[in-house]
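Both ligands and their constituent atoms are indexed starting at 1 by order of listing. Note: hydrogens, waters and symmetry copies are ignored here, and every other heavy atom, side chains too, is used.
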Amino acid sequence: MVLGSGLGDLANEVEALCTIDYADIPDFPVSTAPGHEGRFVFTNIGGKNVVIMQGRVHLYEGYSAKQVAAPVRLMKKMGAKKLLLTNAAGGINSSFNVGDLMVITDHISSFVESPLVGENDDELGPRFPDMSQVYSPDLISKVAKNAENGNINLKYGVYLQFRGPNFETPAEIRMARALGADAVGMSTAIEAQAAKHCGFEVCAISVISNLASGISKTPITSKEVNETANRIAPIFKNLILKSVGEF
Ligand code: HPA
């Protein structure tokens, strides 16, 4: 599980069987983003062994797509089979409200470097991996069932990853909308790409932390992003803990 901006507290509420700071792992990329703790937390949720990344690394921190994807590959090597990615995202779809949860049904990663460029490790996955179904319908249906039981009006949509660190211009958001994006952010698609390549079943959920540039009536700030994520965190936490127990 990868916890995004403002969502890291979830890892403080589970019983940590062991924690490892990224900084203590040789050559491991270290999170510098606010609200990203930077450690692995090993726990058990509903009888499932779970490793949580409390904080991730991003392209905008100066890391390459390969470095951003390295923790996903490491979790694969640890034996993980299913990956839940979370993030805070700007809402583009006009039916979305701040505070909504959006299950990612597909993504657009064409604006960022691919983690799969360079020599392929055939033991990890194929040179030319299929991306026609990155997000697992089975995992999505488990999340959908738990959302329904919890009276959460779950949204669905396409996530577009930009490099950041600046938020977008209104023109960029109009472009993203024209391309079919429902939400934008600065993470997740690269990790999902690497995860699909190495055989993970992938699920991803965005907290719509703000309306995207030009749609929002006020300038976008990371304070707003983190505040919304913190506010929604209890609802999100329940949904995730229930769902991951069934993954
Ligand atoms: N744009 C990009 N990334 C984001 C946004 C946004 O509006 N909100 C949260 N992460």
Side-chain angles (χ1 to χ4, degrees), residues 1-10 31-38 53-63 65 68-69 84-113 115 135 154-193 203-233 235-237 239-240:
M1 186 191 301
V2 180
L3 298 179
S5 299
L7 303 169
D9 270 359
L10 191 153
S31 342
T32 63
H36 287 258
E37 198 75 42
M53 282 188 76
Q54 193 175 19
R56 55 154 60 88
V57 294
H58 305 81
L59 280 185
Y60 66 72
E61 294 173 81
Y63 294 114
V68 168
L84 175 65
L85 299 164
T86 67
N87 62 46
I92 298 179
N93 187 312
S94 57
S95 75
F96 290 180
N97 297 305
V98 170
D100 279 349
L101 296 180
M102 182 192 90
V103 167
I104 301 180
T105 54
D106 201 353
H107 71 227
I108 298 171
S109 65
S110 318
F111 294 95
V112 291
E113 198 188 327
Y135 301 92
L154 201 59
K155 306 289 166 76
Y156 297 84
V158 173
Y159 176 94
L160 185 150
Q161 179 173 356
F162 280 125
R163 192 184 315 111
N166 55 283
F167 292 110
E168 300 71 29
T169 63
E172 285 164 338
I173 293 301
R174 287 195 296 276
M175 172 186 72
R177 171 182 276 151
L179 294 176
D182 296 293
V184 279
M186 305 176 194
S187 67
T188 303
I190 285 178
E191 290 146 295
Q193 242 176 340
C203 186
I205 310 175
S206 299
V207 175
I208 303 301
S209 57
N210 57 281
L211 299 181
S213 174
I215 304 170
S216 171
K217 304 230 178 328
T218 52
I220 300 162
T221 63
S222 63
K223 185 165 171 278
E224 177 189 7
V225 169
N226 284 319
E227 278 174 3
T228 312
N230 286 328
R231 180 166 61 79
I232 301 306
I235 298 170
F236 202 39
K237 191 191 92 178
L239 179 64
I240 286 180

Nearest protein heavy atom to [atom], by residue and atom, and its distance?
{"atom": "atom 3 (N) of ligand 1", "value": "G185 CA, 3.3 Å"}
{"atom": "atom 10 (N) of ligand 1", "value": "A88 O, 3.2 Å"}
{"atom": "atom 6 (C) of ligand 1", "value": "F167 CD2, 3.6 Å"}
{"atom": "atom 5 (C) of ligand 1", "value": "G90 N, 3.4 Å"}
{"atom": "atom 2 (C) of ligand 1", "value": "E168 OE2, 3.1 Å"}
{"atom": "atom 7 (O) of ligand 1", "value": "N210 ND2, 2.9 Å"}

Q | Side-chain donor-acceptor contact under 3.5 Å, N87 with S206 | A | yes

Q. Out of I220, I173, N93, which residue meets the side chain to side chain contact (heavy atoms under 4.5 Å, CB included) rule with I215?
A. I173

Q) Taking V207 as the fixed residue, which of N230, V225, I235, L101 is the one that meets the side chain to side chain contact (heavy atoms under 4.5 Å, CB included) rule? A)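 Single side chain to side chain contact (heavy atoms under 4.5 Å, CB included) partner of V207 among N230, V225, I235, L101: L101.
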
Q: Kindly assign one of parallel, tilted or perpendicular to the pair H107 and Y135, based on the angle between their ring planes and the thresholds 30° and 60°.
A: perpendicular

(Q) Does only the side chain of S213 get under 4.0 Å from ligand 1, or the backbone, or both, or neither? Count heavy atoms. (A) neither

I need the atoms of ligand 1 closer than 4.0 Å to a non-hydrogen atom of [X], numbered in the order shown.
{"X": "M186", "result": "2 (C), 3 (N)"}
{"X": "S209", "result": "8 (N), 9 (C)"}
{"X": "V225", "result": "8 (N), 9 (C)"}

For the side chain of [X] and the backbone of [Y], is there at least one donor-acceptor N/O pair under 3.5 Å apart?
{"X": "R56", "Y": "T86", "result": "yes"}
{"X": "Y159", "Y": "A89", "result": "no"}
{"X": "D182", "Y": "V158", "result": "yes"}

Q | E227 bridged to K223 by N-O distance under 4.0 Å | A | yes

Q. Would you say A212 and ligand 1 have an N/O pair spaced under 3.5 Å apart?
A.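 In this structure, A212 places no N or O atom under 3.5 Å from an N or O of ligand 1.
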
